[in-house]
Amino acid sequence: MLIKAPRGTRDILPPDVGQWQFVEGKAAEMCRIFGYQEIRTPVFEHTELFLRGVGEVTDIVSKEMYTFQDRGERSLTLRPEGTAPVARSYLEHKLYGETQPVKVYYIGPMFRYDRPQAGRYRQFHQFGVEVFGADDPTVDADVMVLALKFFRGLGLSDVTLQVNSVGCSACRSAYRTLLQEQLREKVSGLCVDCTDRYEKNPLRILDCKNVRCHELTENVPMMTDHLCQECATHFTAVKQAMDKLGETYLVNPRLVRGLDYYTKTAFEITSSVLGAQSSLGGGGRYDHLLSTIGGPEIPGIGFAIGLERALLAMEAEKVSIPVANTLDAFVATAGDVGADEALAVTMMLRDAGIAADKDYLGRSLKAQLKFADKKEVRFLIILGDEELKLGMATVRDMKNGTQQSVSMTGLTAHLTALVKEAK
RNA sequence: GUGGGUGUAGCUCAGGUGGUUAGAGCACCAGAUUGUGGCUCUGGGGGCCGUGGGUUCGAGUCCCAUCAUCCACCCCA
């Protein structure tokens with residue numbers, strides 16, 4: 001217990017950090033190009049924010065939150081998602097008073113008390129974006145394309161975008177009633193989960209994996225055919241914008257997202273290489289979220305992408321990740337040359353911007369060579385009695401095995417040139 | 001929260017029907033003309049057999065519980 005990471009959490013060890021930096025770097029780069037700026041919010045918030053923002057009847061809130069009391073008796077919750085906190089920050093700092101729209105992105109850990117599974121963790125990481133203060137359909141397209149280009153940038157090819165419109169408060173509630181009427185006769189034939197959904201969230205029945213439920217809803221009317229004028233126009237415009245960009249997508253009228261706040265556009269990006277948790281990311285428009293948590297009526301839209309899943313998909317698709325090389329040079333000693341002498345030389349190289357290190361365990365020259373080889377260091381500097389007497393050092397190229405004598409005074413310049421050439 | 005699989009060395013795994021000091025490969029460390037890596041050879045360090053109970057003369061092996069992990073459901077990223 002003592003030396004075990006808690007359930008559903010894990011360490012990202014040095015050999016894997018490079019992949020994370022690559023993915024996070026891609027996200028930042030893509031966002032910069034798309035005109036988004038980074039925002040960082042706390043990892044915990046007042047519990048009420050999620051109760052009201054995400055919705056009390058959602059699974060996230062009803063059974064997956066890490067909620068605790070602090071010493072001041074406040075109920076706090078480790079953020080289960082990023083949209084509500086960013087929306088809160090936007091309101092708190094009255095960013096609606098500035099030039100609109102506000103386009104931001106975030107990268108960081110989220111927490112959900114779920115049972116761990118392939119691609120699902122209790123602490124996981126999301127990259128997400130939010131746009132506040134613009135309800136134009138081209139914003140919807142902007143957001144979706146950013147997500148797609150991000151995945152492409154990672155080298156993923158098995159990526160599918162599914163789009164739907166879940167309507168607004170007006171047309172959705174009308175459709176919901178219609179759907180319940182249509183399904184009234186068939187409720188008994190649905191699976192246990194769907195029987196429950198019939199009352200709580202009938203739209204979700206359309207999304208059920210159960211084949212039987214799918215059959216029973218075969219001829220039921222779809223949301224997309226019952227949108228109000230405004231929502232229908234918006235949805236058409238979103239699709240037009242995507243078409244104009246030549247982006248492919250699948251209209252899935254059965255797509256329903258789990259969070260309460262979505263309106264109009266809802267989308268999900270999936271990969272078939274992921275197993276049961278096939279969703280790489282998802283998002284949508286939330287035109288009433290801000291007012292729900294106490295702000296003015298301001299439209300918003302965003303997405304969240306699971307970084308672990310992106311990494312998993314990259315692994316499954318065998319995408320090679322460019323990893324930055326570590327050390328440029330390793331300083332080895334032979335004979336009676338002291339460790340402090342080696343440290344001084346190492347430091348001299350570092351001061352010139354060369355990534356260098358030395359042996360700290362008093363190992364034999366042979367062992368030092370072996371170490372440098374394992375660490376894939378290109379250049380080895382050998383400091384020995386003979387060299388030092390002459391004010392020289394031996395520089396060995398580990399790649400082709402050649403070596404030459406270089407004067408101590410010219411060592412830095414010599415290596416700088418070698419390292420530059422090697423890169 | 002529900003169902004199923006699995007827990008033996010750092011990693012991947014062997015250890016028929018319970019029976020002496022629990023093994024292999026890889027990894028790690030050290031040697032093989034005392035100043036030179038990769039290949040090869042030799043040797044070495046490492047194991048509360050997940051944990052706690054129970055059955056038994058005797059448990060890595062059987063039973064129960066528990067924890068962890070994996071997969072699926074639910075849900076989602």
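Heavy atoms only: backbone and side chains are in, while hydrogens, waters and symmetry mates are out. In what follows, every chain begins at residue 1, and chains take the letters A, B, ... in the order their sequences are listed.
Taking atom C1' in both rA14(B) and rA32(B), one finds a spacing of 31 Å when rounded to whole Å. When the P atom is compared between rU40(B) and rU51(B), the two are found 36 Å apart, to the nearest whole Å. Using atom P as the reference point in both rG43(B) and rU55(B), the two lie 45 Å apart (nearest Å). With P as the reference atom, rG15(B) and rG58(B) are 26 Å apart, rounded to whole Å. Nucleotides rC76(B) and rA59(B), compared at atom C1', are 44 Å apart to the nearest Å. Spacing of C1' atoms, rU6(B) relative to rC13(B), comes out at 13 Å, to the nearest Å. rU8(B) sits 14 Å from rC70(B) when the P atoms are compared, rounded to a whole Å. Look at the C1' atom in both rC57(B) and rU20(B): the space between them is 14 Å, to the nearest Å.
Distance, Asn400(A) CG to rG37(B) C1': 13 Å, rounded to whole Å. In this structure, Leu369(A) atom CG and rG37(B) atom P are separated by 6 Å, rounded to whole Å. Atom CG of Leu365(A) is separated from atom P of rG31(B) by 12 Å (rounded to the nearest Å). Whole-Å rounding puts the Arg363(A) CZ to rG31(B) C1' distance at 15 Å. Rounded to an integer number of Å, the gap from CZ of Arg396(A) to P of rU36(B) is 10 Å. Computed from coordinates, the Lys375(A) NZ to rA27(B) C1' distance equals 13 Å when rounded to whole Å. Taking atom NZ on Lys389(A) and atom P on rG35(B), their separation rounds to 13 Å, with Å as the unit. Residue Lys370(A) contributes atom NZ, which lies 17 Å from atom P of rG35(B) at whole-angstrom precision.
A sub-4.0 Å separation between OP1 or OP2 of rC29(B) and a side-chain N or O of Lys374(A) is present. In this structure, Lys366(A) reaches the rG37(B) phosphate: one of its side-chain N or O atoms is under 4.0 Å from OP1 or OP2.
Under the Watson-Crick and G-U wobble criteria, each requiring two contacts below 3.5 Å, nucleotide rA68(B) is paired to rU6(B). Look at rC73(B): its Watson-Crick or wobble partner, with both distances under 3.5 angstrom, is rG1(B). The pairing partner recorded for rG43(B) is rC29(B), the criterion being a Watson-Crick or G-U wobble arrangement whose two distances lie under 3.5 angstrom. Here rA24(B) sits opposite rU12(B) as a Watson-Crick or G-U wobble pair (both hydrogen-bonding atom distances under 3.5 Å).
Of all non-hydrogen atoms in Gln162(A) and Thr270(A), the two that sit nearest each other are NE2-OG1, 3.8 Å. In this structure, Asp287(A) and Thr263(A) approach most closely via the heavy-atom pair N-OG1, 3.0 Å. When all heavy atoms are compared, the tightest approach of Arg79(A) to Pro109(A) is NE-O, 2.8 Å. Across all non-hydrogen atoms, the minimal contact from Arg212(A) to Gly189(A) is CG-O, 3.8 Å.
No hydrogens or angles were tested; on distance alone, nothing pairs the side chain of Gln368(A) with the base of rG35(B) as donor and acceptor under 3.5 Å.
Looking at Glu92(A) and Arg88(A), a side-chain N of the basic residue comes within less than 4.0 Å of a carboxylate O on the acidic one, giving a salt bridge.
No donor-acceptor pair closer than 3.5 Å links the side chain of Lys26(A) to the backbone N or O of Leu154(A). In terms of modelled atom types and a separation under 3.5 Å, the side chain of Asp114(A) and the main chain of Pro116(A) share no donor-acceptor contact.
Ranked by how close their nearest RNA chain B nucleotide is to the 5' end, Met398(A) and Gly8(A) are led by Met398(A).
Less than 6.0 angstrom separates the ring centroid of Phe303(A) from the ring centroid of Phe127(A). In this structure, Tyr105(A) has its ring center no closer than 6.0 Å to that of Tyr36(A).
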So which protein N/O to nucleotides 48-52 of chain B N/O distances come out below 3.5 Å?
none

Return the polar atom pairs (N/O with N/O) between nucleotides 71-77 of chain B and the protein under 3.5 Å, or none.
unit_1, atom_1, unit_2, atom_2, d
rC71(B), OP2, Ala118(A), N, 2.7
rA72(B), OP1, Ala276(A), N, 3.1
rA72(B), OP2, Gln117(A), NE2, 3.3
rC73(B), OP1, Lys209(A), NZ, 2.9
rC73(B), N4, Arg120(A), NH2, 3.3
rC74(B), O3', Arg197(A), NH2, 3.1
rC74(B), N3, Arg120(A), NH1, 3.2
rC74(B), N4, Gln117(A), OE1, 3.3
rC74(B), N4, Arg120(A), NH1, 2.1
rC74(B), N4, Arg120(A), NH2, 3.3
rC75(B), OP1, Arg197(A), NE, 2.7
rC75(B), OP1, Arg197(A), NH2, 2.2
rC75(B), OP2, Arg197(A), NH2, 2.2
rC75(B), O2, Arg120(A), NH1, 3.2
rC76(B), OP1, Gly258(A), N, 3.1
rC76(B), OP1, Gly258(A), O, 3.2
rC76(B), O3', Arg112(A), NH2, 2.9
rC76(B), O2', Arg112(A), NH2, 2.4
rC76(B), O2, Arg309(A), NH1, 2.9
rC76(B), O2, Arg309(A), NH2, 2.9
rC76(B), N3, Gln277(A), OE1, 3.4
rA77(B), OP2, Arg257(A), NH2, 2.2
rA77(B), O4', Gln126(A), NE2, 2.8
rA77(B), O3', Leu280(A), O, 2.9
rA77(B), O3', Gly281(A), N, 2.7
rA77(B), O2', Ser279(A), O, 2.7
rA77(B), O2', Arg309(A), NE, 3.4
rA77(B), O2', Arg309(A), NH1, 2.6
rA77(B), N7, Arg112(A), NH2, 3.3
rA77(B), N6, Tyr121(A), O, 3.2
rA77(B), N1, Tyr121(A), N, 3.1

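Base contact: Glu387(A) has a heavy atom under 4.0 Å from a base atom. Contact annotation for Gly283(A): no contact, since no heavy-atom pair falls under 4.0 Å across all strands. As judged by a 4.0 angstrom heavy-atom cut-off over every strand, Arg10(A) is placed among residues making no nucleic acid contact. Across all strands shown, Gly128(A) has no heavy atoms under 4.0 Å from either base or sugar-phosphate atoms.
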Could you go through Phe371(A) and Phe330(A), starting from their C-alpha distance and side-chain angles, then the distance that decides it, and tell me whether this counts as ring-ring contact (aromatic ring centres under 6.0 Å, His included)? CA-CA 9 Å; Phe371(A) 179 86; Phe330(A) 186 83; 5.3 Å; yes
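Here the CZ atom belonging to Arg257(A) is positioned 10.0 Å from the CZ atom belonging to Arg204(A), to the nearest 0.5 angstrom.
In this model, no donor atom of one side chain and acceptor atom of the other lie less than 3.5 Å apart for Thr394(A) and Gln403(A).
The side chain of Lys4(A) lies closest to rA68(B) when the candidates are rA68(B), rG35(B), rG37(B).
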